[in-house]
Amino acid sequence: MTVLPAMVNGLGVTNCGAIFTFANTTFSLASNTYNERTVAAHCCISFLLPTKLGDRLVATATEVVRSARSGIYDVSVTLENAVVAEFRAHSRIIGGALLHAATAGQECTAAESVNQ
């Protein structure tokens, strides 16, 4: 994620909400990789270093544990080799497939599949 002008606060650093949203989105992608509808049950973030306009942030998710309907994921947000934020989230599977298989002989987009 490249820090854009709308993401910088009055102090000239990246707004914490932008970094939180980036980490949360990365967690969402990681926790939904099993094609089971999964949501956040709890999450927290620690901001370790400031970033600024134009910085290119990278978020990497790690599955710590996944058991039954729950999981724990860590997301590190980095700038080059420096960790700027650490995010931990607890997931909960709410049931049902995230993407449904297309009917035999038919094709559908991911958005159509989710709406079915």
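Without hydrogens or angle criteria, Asn35 side chain to Leu98 main chain gives a donor-acceptor distance under 3.5 Å. With hydrogens and angles disregarded, no donor-acceptor distance shorter than 3.5 Å links the side chain of Arg88 to the backbone of Cys44. Thr26 places a side-chain N or O within 3.5 Å of a backbone atom of Phe22 that can act as its donor or acceptor partner. No side-chain donor-acceptor contact under 3.5 Å links Arg66 to the backbone of Gly71.
There is no path of hydrophobic side-chain contacts, each under 4.5 Å, that joins Val3 to Val58. The cluster map of Ile, Leu, Val, Met, Phe, Trp and Tyr, joined by side-chain heavy atoms under 4.5 Å apart, puts Phe27 and Ile45 in the same cluster. Val39 and Ile93 fall into different hydrophobic clusters, where Ile, Leu, Val, Met, Phe, Trp and Tyr side chains are chained together by heavy-atom contacts under 4.5 Å. If you chain together hydrophobic residues whose side chains sit under 4.5 Å apart, Leu29 and Ile72 never meet in one group.
A distance of 10.5 Å separates OG of Ser31 from CD of Glu36, quoted to the nearest 0.5 Å.
The shortest non-hydrogen separation linking Arg37 to Gly95 is NE-O, 2.8 Å. Between Arg69 and Ile94 the shortest heavy-atom distance is NH2-CA, 4.5 Å.
Annotation: side chain of Val13 is not in contact with side chain of Lys52 (no heavy-atom distance under 4.5 Å). The shortest distance between side-chain heavy atoms of Val83 and Thr78 falls below 4.5 Å. Thr25 places a side-chain heavy atom less than 4.5 Å from the side chain of Thr21. Between Leu57 and Ile19, some side-chain heavy-atom pair lies under the 4.5 Å cut-off. Counting only heavy atoms from C-beta outward, the side chains of Met7 and Asn15 never approach each other to under 4.5 Å. Two residues are said to be in side-chain contact when any heavy atoms from C-beta on lie closer than 4.5 Å; Tyr34 and Glu63 meet this criterion.
A perpendicular orientation is assigned to the rings of Phe87 and Phe20, their planes being inclined by more than 60° (bins at 30° and 60°).
For the pairing with Thr14, the side chain to side chain donor-acceptor pair (under 3.5 Å) check across Thr51, Asp55, Asn9 returns one residue only, Thr51.
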